[in-house]
Amino acid sequence: VQLQASGGGLVQPGGSLRLSCAASGTIFSRNIGGWYRQAPGKQREAVATITSGGITNYADSVKGRFTISRDNAKTTVYLQMNNLKPEDTAVYLCRAWGVENYWGQGTQVTVSS
């Protein structure tokens, strides 16, 4: 099983990006899907999660700005990021865990004017 993250880039403060995490199988039907981020010199932190039943959870720092979702086939998890701030700059990684444990590679998000 592979997780392929994409959608990162450079955006100005206040802008938006949509990250995608595509799995090679329907692993999100039986695992929690989530996005983590790691900024230079900081610990990796959970940003948003979605259970196999569709229950979502967010870090306080992104509530109201980020939305995690999943496609009906349960092969892809998305992270819609709005009103981005410079402090959102980090490498974003996707993960599927629970029954199994998989990490995808990171995608860089840079918020800067």
Side-chain angles (χ1 to χ4, degrees):
V1 174
Q2 290 185 325
L3 299 180
Q4 184 72 35
S6 62
L10 173 64
V11 64
Q12 292 186 342
S16 299
L17 284 173
R18 189 192 196 204
L19 306 184
S20 297
C21 177
S24 55
T26 57
I27 63 171
F28 295 119
S29 66
R30 58 185 182 272
N31 290 283
I32 299 169
W35 288 95
Y36 288 69
R37 66 186 180 188
Q38 187 158 20
K42 294 187 177 181
Q43 288 189 333
R44 185 175 296 182
E45 63 172 342
V47 175
T49 60
I50 184 166
T51 69
S52 57
I55 297 172
T56 59
N57 195 29
Y58 298 92
D60 287 343
S61 58
V62 306
K63 281 181 181 176
R65 300 189 297 122
F66 291 11
T67 302
I68 190 170
S69 62
R70 186 185 56 209
D71 70 336
N72 290 335
K74 299 184 179 180
T75 61
T76 305
V77 170
Y78 304 98
L79 186 68
Q80 177 67 42
M81 305 186 295
N82 297 329
N83 190 22
L84 283 160
K85 303 177 181 180
E87 51 263 42
D88 295 319
T89 295
V91 174
Y92 284 71
L93 305 102
C94 62
R95 182 187 181 195
W97 77 98
V99 176
E100 299 130 304
N101 187 20
Y102 300 106
W103 285 92
Q105 92 292 358
T107 184
Q108 177 71 45
V109 172
T110 303
V111 184
S112 175
S113 55

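- Judged as a disulfide (SG to SG under 2.5 Å), not a single pair has a partner in residues 29-81 (not counting sequence neighbours).
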Can you give me every donor-acceptor pair (side chain of residues 106-113, partner residue at least two apart or in another chain, under 3.5 Å) with its distance?
residue: T107; atom: OG1; partner: G8; partner atom: N; Å: 3.1
residue: Q108; atom: NE2; partner: A90; partner atom: O; Å: 3.4
residue: Q108; atom: NE2; partner: T110; partner atom: OG1; Å: 3.3

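- Residue pairs that meet the disulfide (SG to SG under 2.5 Å) test with at least one member in residues 27-113, sequence neighbours left out, are C21-C94.
- For residues 78-89, the side chain to side chain donor-acceptor pair (under 3.5 Å) pairs, not counting sequence neighbours, are S16-N82, R37-D88, R65-D88, Q80-N82.
- Under the side chain to side chain donor-acceptor pair (under 3.5 Å) criterion, R44 pairs with Q38, not counting sequence neighbours.
- Applying the salt bridge (Lys or Arg N to Asp or Glu O under 4.0 Å) test to pairs two or more places apart or on separate chains, none has a residue in residues 101-113.
- Applying the side chain to side chain donor-acceptor pair (under 3.5 Å) rule to S20 yields no partners; only residues at least two apart in sequence or on another chain are considered.
- In this structure, V99 shares a hydrophobic cluster with no other residue, the cluster being traced through Ile, Leu, Val, Met, Phe, Trp and Tyr side chains under 4.5 angstrom apart.
- For residues 47-60, the side chain to side chain donor-acceptor pair (under 3.5 Å) pairs, not counting sequence neighbours, are D60-K63.
- With side-chain heavy atoms closer than 4.5 Å counting as contact, directly or through intermediates, the hydrophobic cluster containing V91 also holds I32, Y36, L93, W97, W103.
- I55 shares a hydrophobic cluster with no other residue; no ILVMFWY side chain has heavy atoms under 4.5 Å from its own.
- Every residue meeting the salt bridge (Lys or Arg N to Asp or Glu O under 4.0 Å) condition with R30, not counting sequence neighbours, appears here in chain and number order: E100.
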